[in-house]
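The shown structure was predicted, so the numbers you read here are calculated from the model rather than taken from an experiment. Residue numbers start from 1 in every chain, and the chains themselves are labelled A, B, ... in the order their sequence lines are given, proteins ahead of strands.
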There are 2 protein chains.
Amino acid sequence: MSEADPKPTRGRPKTMNAEQVLDVAMTAYWQSDPADVSVNAICQMAGISKPSLYREFGSEDGLSRAALDRYAEQVLSEMFVILNGGTGLRATLDALIDFASDDPRMETGCLFYKMRAGKHRLGPDTKVRVEEIDAAGQAAYAAFLQAARDAREWPDGLSVEAGAKYLGEQIALAITQRASGEDPARIREMLTLALSVFTRP
Amino acid sequence: MSEADPKPTRGRPKTMNAEQVLDVAMTAYWQSDPADVSVNAICQMAGISKPSLYREFGSEDGLSRAALDRYAEQVLSEMFVILNGGTGLRATLDALIDFASDDPRMETGCLFYKMRAGKHRLGPDTKVRVEEIDAAGQAAYAAFLQAARDAREWPDGLSVEAGAKYLGEQIALAITQRASGEDPARIREMLTLALSVFTRP
DNA sequence: TGCTATTCGTACTGTGTGGTACCAAAACAA
DNA sequence: TTGTTTTGGTACCACACAGTACGAATAGCA
């Protein structure tokens with residue numbers, strides 16, 4: 001939160017609710033695809049004019065970056081909670097599988113993964129934010145696996161970094177398949193198979 | 001080849017080489033992304049006018065469909081050859097891992113997977129073709145796994161269909177990661193890990 | 001020399017995009 | 001009342017896109 005609007009004492013009172021606009025944008029980007037949602041469409045959905053949106057967010061890049069920030073706070077944080085739960089290897093993996101395969105919030109996929117998949121189409125600020133979140137995710141997966149290794153729950157033979165990357169990509173794959181309408185039971189079956197490498201000799 | 005041009009005996013001789021244009025289009029779609037290559041750009045790269053291209057392919061959909069057909073013949077066929085090699089479970093899986101992780105042709109990814117990932121942006125004909133190829137791939141993976149099961153090389157506990165889907169998605173994931181510049185050694189490591197579920201008790 | 005058939009490319013259409021110039025509306029301060 | 005400040009939205013800009021109308025060019029046939 002670097003933005004601090006001191007609420008000007010003069011001037012025409014603003015009718016636009018930035019939070020609500022951001023919510024509309026985030027939802028639209030999320031439910032369809034960031035590349036398929038235009039600024040015009042968002043203005044129409046939010047019931048505001050284009051100059052109003054540009055006054056608030058500066059550019060399309062600013063808007064999508066703000067939407068991604070909001071998504072990270074509201075949704076992605078849940079995944080970090082699961083990873084930092086400290087409930088042991090098997091329980092945490094199961095929780096991740098549940099989240100990716102059956103959580104209704106992931107029914108139309110994950111905004112972050114959608115943005116990452118179309119990274120080259122993003123504006124510079126949003127792109128940077130995507131890379132930051134990606135790195136944070138990697139680190140969280142790595143910390144989780146390192147803890148499991150420390151607790152002797154996970155055998156050697158694979159580096160923590162490689163395991164973290166593998167785990168992250170399998171989760172991403174599962175959630176991306178949710179977005180394409182795949183049967184959740186099938187997704188769960190495949191993700192369970194993919195992650196079984198962590199819990200077998 | 002349903003197109004049979006009887007080579008008209010009259011009229012201005014055509015200077016456009018359809019094969020070469022198709023090659024330019026296929027390469028452009030492949031190296032970058034079908035959604036990021038415009039008809040204008042292809043015309044410029046191929047050194048022809050837009051009406052010439054539309055006379056030959058009818059529409060953007062026709063062009064991308066033709067490019068995908070060409071790609072299936074020239075590149076994708078290689079994967080079917082590997083799958084039908086009949087060299088046993090382990091050897092075939094290793095060949096698939098080699099192809100996905102290190103074959104220079106997959107250095108910028110796979111046109112089919114790129115089209116499949118952005119299916120909703122394709123024209124109807126191209127979309128249908130993508131779905132056909134997807135189904136054919138599924139069937140080939142399934143036949144391969146069924147053969148392995150018949151030869152007692154692969155234990156029960158997972159349906160052939162689920163295994164085929166899993167195998168196909170892991171290959172797709174690996175090749176997609178190639179396109180995003182991931183280290184081939186890392187990709188090989190992860191793909192090997194993912195496919196180890198087929199060769200371990 | 002026409003006449004017909006086919007391909008050529010210039011120049012256009014209409015639509016959608018991200019982004020903005022500009023002025024009216026609405027508040028407080030003088 | 002008269003400025004000043006801020007927000008509002010209409011109407012525009014330039015650009016890129018897919019697709020096309022149309023006349024010039026080039027061939028064989030009469």
Notebook entry, point to check: Atom CZ of Phe57(B) to atom C1' of dG19(D): distance rounded to whole Å?
Noted result: 16 Å
Item checked: Rounded distance in Å - CE (Met16(A)) to C1' (dA26(C)) -> 16 Å
Margin query: Salt bridge check, Asp61(B) against Lys127(B): does any charged N sit closer than 4.0 Å to a carboxylate O?
Written below: no
Notebook entry, point to check: Closer to the 5' end of DNA chain D via nearest nucleotide, is it Arg12(B) or Arg55(B)?
Noted result: Arg55(B)
Check: Rounded to the Å, how far apart are Arg121(A) CZ and dT17(C) C1'?
Finding: 15 Å
Item checked: Salt bridge flag under 4.0 Å for residues Arg70(A) and Glu73(A) -> no
Checklist line | Distance test, side-chain N/O of Thr15(A) to OP1/OP2 of dG8(D), below 4.0 Å | finding: yes
Check: Think Thr9(A) has a side-chain N or O under 4.0 angstrom from the OP1 or OP2 of dA29(C)?
Finding: yes
Check: Hey, is the side chain of Ser52(A) poking within less than 4.0 Å of OP1 or OP2 on dT7(D), counting only N and O atoms?
Finding: no
Next item on the list: Grab the CD1-P distance between Ile42(A) and dG16(C) for me, whole Å please.
Entry: 17 Å
Margin query: Nearest whole Å is fine: how far is dG9(C) C1' from Glu56(B) CD?
Written below: 16 Å
Note to self: What I want to check is whether the side chains of His120(A) and Asp33(B) have a donor and an acceptor closer together than 3.5 Å.
What the structure shows: no
Next item on the list: Report the nucleotide, chosen from dG9(C), dG9(D), dG19(D), that has the shortest atom-to-atom distance to any side-chain atom of Lys50(B).
Entry: dG19(D)
Checklist line | N-O pairing of Asp69(B) and Arg65(B) below 4.0 Å | finding: yes
Next item on the list: Would you indicate which nucleotide in dG9(C), dA26(C), dC29(D) comes nearest to any side-chain atom of Pro51(B)?
Entry: dG9(C)
Checklist line | First of Arg10(B) and Arg10(A) reached from the 5' end of DNA chain D, by closest nucleotide | finding: Arg10(A)
Notebook entry, point to check: If you check every side-chain atom of Asn40(B), which of dC17(D), dT17(C), dT20(C) has the closest atom?
Noted result: dC17(D)
Next item on the list: Could you tell me whether Lys165(A) and Glu182(B) make a salt bridge, using a distance below 4.0 angstrom between a side-chain N and a carboxylate O?
Entry: yes
Checklist line | Side chain of Lys14(A) (C-beta onward), nearest among dT7(D), dG19(D), dA26(C) | finding: dT7(D)
Notebook entry, point to check: What's the CD-P distance between Gln44(A) and dG18(C), to the nearest Å?
Noted result: 13 Å
Check: Rounded to whole angstroms, how far apart are OH on Tyr54(A) and C1' on dC13(D)?
Finding: 13 Å
Next item on the list: Provide, to the nearest angstrom, the distance between the CG atom belonging to Leu122(B) and the P atom belonging to dA18(D).
Entry: 13 Å
Check: Under 4.0 Å between a side-chain N/O of Ser49(B) and OP1 or OP2 of dC8(C), yes or no?
Finding: no
Checklist line | Residue mapping more 5' on DNA chain C - nearest nucleotide basis, Asp61(A) or Gly11(A) | finding: Asp61(A)
